[in-house]
Amino acid sequence: MTENTRFKAGELLHLRGQSLSRGEPVALPLVQSSMYHLPGQPDESPGYGRVTNPTWDHLEHVLAHMEQAPCLAFPSGMAAIAAALFATLKAGDRLLVPSDGYYVTRRLSERFLAQLGVSVEQRPTATFADGGFEGFAVVFLETPSNPGLDVIDLKEVSSAVRSSGGITIADNTTMTPLGQRPLDLGVDIVVASDTKSPGGHSDLLMGHMACRDESIMEAAREWRTFSGSIPSAHECWLLHRGLESFEVRFERMCTTAGVVAERLQDHPAVRSVRYPGLPDDPAHALSARQMDRFGFLLSLTLESEGKAEAFINGCSLLRPATSFGGLHSSAERRARWGDAVDPAFVRLSVGCEPVEELWSALKQSLDNL
Ligand SMILES: *Cc1c(COP(=O)(O)O)cnc(C)c1O
């Protein structure tokens, strides 16, 4: 990865300030308007709220700085994923999705794309490249997979898909552009849920799509305008505010996750731990090559479903909740949603609590089992 493709976190904080005129507010204004003053012939100026909004334009400017690629904002991660799929697929195409990735992507594909004539196939992340990619119009990737934390080689897979004439879409929600840069590794489109760590305060749903191909971006922009899948100005404003502290939060979360993963491994109540940063994790070597950080998500398997529930609910610094990436650590048993994992498998999203304070709360709850 070359230095100049990395976004600069300091510059992100000054993207707006650098273009201000005297007397303008330093903080991003929240503009709530469906109409714009538009006398005479329409031109490039804003015309209608479904097409453009100054608050969302600036958010996209910041997202584009992070991705180092043009970005479109959406009202949720799934809205971004839907836009990427509907903008790239047509009847007769074959789509490959991970069988162990975010389940709503599979549901969307099977429920709606299949009935429009797209054939949808699935493969597990751990053996994703087996069988090659010949004949697939679109290959959808998610790495590390959620919740299993298996990893796909983005460089190898995107180049194999490209040479067989297809395009790749990577769901980068778990790593974010701070932890992994799929576009720089050859992936065509990045989609992500900003509901998670980029928002970070568990008070909004948002998503975005990033892509360096102009015609794909134009199709996705048309999809957004025509389907009406647009973010609200208020959500854009909130996400923008979250992004200003994102680098600080992400650093803290990843560093703490590394410490917690190592200590969990040594606790007698824990049967196994998955974290790409652990030297003996099956995904470690590849993760070290393609990821900038090892992330803030880890999983641990306890002795039984009952003990897993007791661990989560008995820890004062863990919110028993689905979703992840908040300032506050959270955890859940993924089997409760039907994921193909052990009933005692817990996904833990490490938050921004000071590491020793968090560890003593986790240890206390494990000691009590
Ligand atoms: C949460 C999530 C999504 C969906 O995002 P929403 O903002 O909830 O629509 C997609 N992919 C992954 C990996 C996720 O974790």
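In each ligand, atom 1 is the first atom listed, and ligand 1 is the first ligand listed. Just so it is clear, the model here is predicted, and its values are computed rather than measured.
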Exercise for review: Take Glu218 and Arg224 through the test salt bridge (Lys or Arg N to Asp or Glu O under 4.0 Å) and record every step on the way to the result.
Suggested key: CA-CA 10 Å; Glu218 191 44 38; Arg224 181 174 72 174; over 6 Å; no
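By the criterion of a heavy-atom distance under 4.0 Å, the side chain of Ile81, and not its backbone, is placed next to ligand 1.
Residue contacts with ligand 1: Thr174 is placed with no nitrogen or oxygen under 3.5 Å of a nitrogen or oxygen of the ligand (distance criterion only). Residue contacts with ligand 1: Thr195 is placed with a nitrogen or oxygen under 3.5 Å of a nitrogen or oxygen of the ligand (distance criterion only). Considering backbone and side-chain N/O atoms, Met78 comes within less than 3.5 Å of an N/O atom of ligand 1. Looking at Ala79 next to ligand 1, no N or O pair under 3.5 Å apart turns up.
For the 3.5 Å distance criterion, the side chains of Thr105 and Asp171 fail to qualify, holding no donor opposite an acceptor. Side chains of Glu142 and Thr125: a donor-acceptor N/O pair is absent below 3.5 angstrom, by distance only.
Heavy-atom proximity to Phe324, at under 4.0 Å, picks out these atoms of ligand 1: 15 (O). Counting atoms of ligand 1 from 1 in the listed order, those under 4.0 Å from a heavy atom of Glu142 are 13 (C).
Atom CZ of Arg221 has 12 or fewer heavy atoms from other residues, nucleotides or ligands within 6.0 Å. No more than 12 heavy atoms of other residues, nucleotides or ligands shown are found within 6.0 angstrom of CD on Glu214.
Protein heavy atom nearest atom 11 (N) of ligand 1, with residue, atom name and distance: Asp171 OD2, 2.6 Å.
Aromatic ring pairs are classed by plane angle as parallel below 30°, tilted from 30° to 60° and perpendicular above 60°; the pair Phe296 and Phe324 is tilted.
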